[in-house]
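First up is the structure itself, then whatever we jot down about it.
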Amino acid sequence: MLVYPSGIDLSSSTLRYLSRRLSARRLERGTRWRRLSADRQALLVLAHLRCGHTYAQLAAGFGVGIATVHRYVAEAVEVLAAVAPDLATAVRTAARKAFVILDGTLLPIDRIAADRPYHSGKHKKHGMNVQVIADPFGRLLWASPALPGAVHDIRAARTHGVIEALAEAGVRCWADKGYQGAGGTVRVPYRGRWEKLSAGQKAVNVSHARIRAVGEQAMATLKSWRLLRKLRCSTTRITDLVKAVLALHLATSSVSIQKEWA
């Protein structure tokens with residue numbers, strides 16, 4: 001396999017953060033020697049998560065075996081998933097915001113057509129449903145565990161307890177029509193054909209759409225990690241992958257965000 005120099009569109013702070021976490025894990029386990037240093041392992045993992053490079057490509061590029069790559073990635077994902085914020089932590093942060101935006105996204109997976117629980121009728125493809133909470137500026141605050149793609153957004157939100165948690169904290173939330181009937185503090189647009197809505201209802205829907213559009217930035221943040229654009233692993237691993245990406249993003253985002261999560 002040919003090997004060539006490449007780059008990853010991440011800051012050096014992301015590499016340092018993951019390297020420190022991996023060094024701490026090695027110290028905790030009393031590891032004496034590894035084929036790659038913690039810095040090189042962190043770089044390998046970031047290439048996998050951010051660029052979607054396969055184990056075979058990473059093994060050739062870093063001069064290690066495929067099994068070693070698998071162990072390195074699994075270890076790093078476990079370390080990162082353990083420090084990802086849970087819903088309660090996210091809601092405490094959201095309580096300091098004017099409002100939040102709730103939306104769902106489908107992470108495509110490589111599954112056969114017979115796997116009906118993973119097929120999303122809305123997106124016409126197989127995938128995993130992930131709920132996302134964003135702040136008024138479109139910054140990613142939280143991403144939920146992954147559920148089969150056939151699960152509707154409102155059902156997924158209820159399964160994770162998102163609606164109840166936001167209501168208990170008194171956090172106003174904007175969401176799309178997929179959350180009709182959610183109740184609590186969730187606000188959704190008026191239903192019905194555009195020409196049948198009153199002038200007031202149309203104005204509310206336009207304003208609502210402008211607010212929700214900001215939330216697409218959070219979706220873009222999640223999908224900027226190319227591994228999540230087409231997952232070819234076991235569906236049981238996807239939740240930890242999402243948590244790992246969330247932990248990396250929050251740990252290395254702007255200083256103001258870091259202070260809020262401290």
Side-chain angles (χ1 to χ4, degrees), residues 1-84 105-113 115 118 125-128 130 140 143 145-146 149 219-253:
M1 186 179 294
L2 296 175
V3 178
Y4 69 98
S6 184
I8 305 176
D9 56 339
L10 292 171
S11 66
S12 58
S13 62
T14 307
L15 178 65
R16 291 195 299 270
Y17 172 79
L18 180 53
S19 179
R20 288 195 300 268
R21 288 286 178 182
L22 293 174
S23 295
R25 171 57 67 90
R26 293 185 182 192
L27 184 62
E28 176 187 335
R29 291 184 171 180
T31 303
R32 290 188 173 185
W33 181 86
R34 291 282 187 92
R35 183 69 180 273
L36 296 182
S37 65
D39 288 343
R40 294 288 288 172
Q41 181 184 355
L43 185 62
L44 181 152
V45 172
L46 291 177
H48 178 63
L49 295 176
R50 188 70 173 187
C51 305
H53 294 328
T54 65
Y55 290 168
Q57 291 172 324
L58 294 170
F62 285 84
V64 296
I66 293 179
T68 301
V69 173
H70 181 275
R71 289 196 301 270
Y72 280 170
V73 171
E75 180 183 41
V77 169
E78 179 184 351
V79 167
L80 291 170
V83 298
T105 187
L106 187 80
L107 302 182
I109 59 175
D110 186 14
R111 308 293 292 183
I112 61 175
D115 294 328
Y118 298 97
K125 64 176 69 172
H126 292 84
M128 300 293 285
V130 172
L140 179 63
M219 298 299 185
T221 296
L222 202 61
K223 295 294 183 67
S224 65
W225 298 80
R226 295 175 185 83
L227 182 69
L228 300 183
R229 297 180 188 177
K230 185 66 173 180
L231 290 155
R232 294 179 173 83
C233 61
S234 169
T235 55
T236 59
R237 296 183 55 219
I238 295 176
T239 291
D240 281 347
L241 287 172
V242 172
K243 287 183 177 181
V245 167
L246 177 65
L248 281 172
H249 169 71
L250 293 177
T252 57
S253 56

Taking the side chain as every heavy atom from C-beta outward, state whether Thr105 and Lys223 have any pair of such atoms under 4.5 Å apart.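 Sidechains of Lys223 and Thr105: in contact.
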Ring geometry between His48 and Tyr55 (parallel below 30°, tilted from 30 to 60°, perpendicular above 60°):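 Ring orientation of Tyr55 relative to His48: tilted.
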Using every non-hydrogen atom in the two residues, find where [X] and [Y] come nearest and quote the distance to one decimal.
X	Y	answer
Leu46	Ile8	C-CD1, 4.2 Å
Ala42	Ser19	CB-N, 3.9 Å
Leu222	Leu228	O-CD1, 3.5 Å
Val130	Ala143	CG1-CB, 4.1 Å
Cys51	Gly7	SG-O, 4.4 Å
Val83	Ala247	CG2-CB, 4.0 Å

CZ/Arg229: more than 12 non-hydrogen atoms of other groups inside 6.0 Å: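 Above 12, so yes.
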Distance-only donor-acceptor check, side chains Arg26 and Gln41, under 3.5 Å: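 Their side chains do contain a donor-acceptor pair, which is all the 3.5 Å distance test asks for.
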When you compare the side chains of Thr68 and Arg71, does any donor N or O come within less than 3.5 Å of an acceptor on the partner?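 Yes, Arg71 and Thr68 have a side-chain donor paired with an acceptor closer than 3.5 Å.
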Could you tell me the separation between the [atom1] atom of [X] and the [atom2] atom of [Y], rounded to the nearest 0.5 Å?
X	Y	atom1	atom2	result
Lys125	Ile109	NZ	CD1	11.5 Å
Leu43	Arg50	CG	CZ	13.5 Å
Lys243	Leu248	NZ	CG	14.5 Å
Ser253	Leu140	OG	CG	9.0 Å
Met128	Leu107	CE	CG	8.5 Å
Leu15	Leu10	CG	CG	9.0 Å

Step by step, work out the side-chain contact (heavy atoms from CB on, under 4.5 Å) result for Leu49 and Leu241. CA-CA 8 Å; Leu49 295 176; Leu241 287 172; 4.0 Å; yes
Output yes when a side-chain donor or acceptor of [X] lies under 3.5 Å from a complementary backbone atom of [Y], and no otherwise.
X	Y	answer
Ser224	Thr221	yes
Arg21	Ala76	no
Tyr72	Leu36	yes

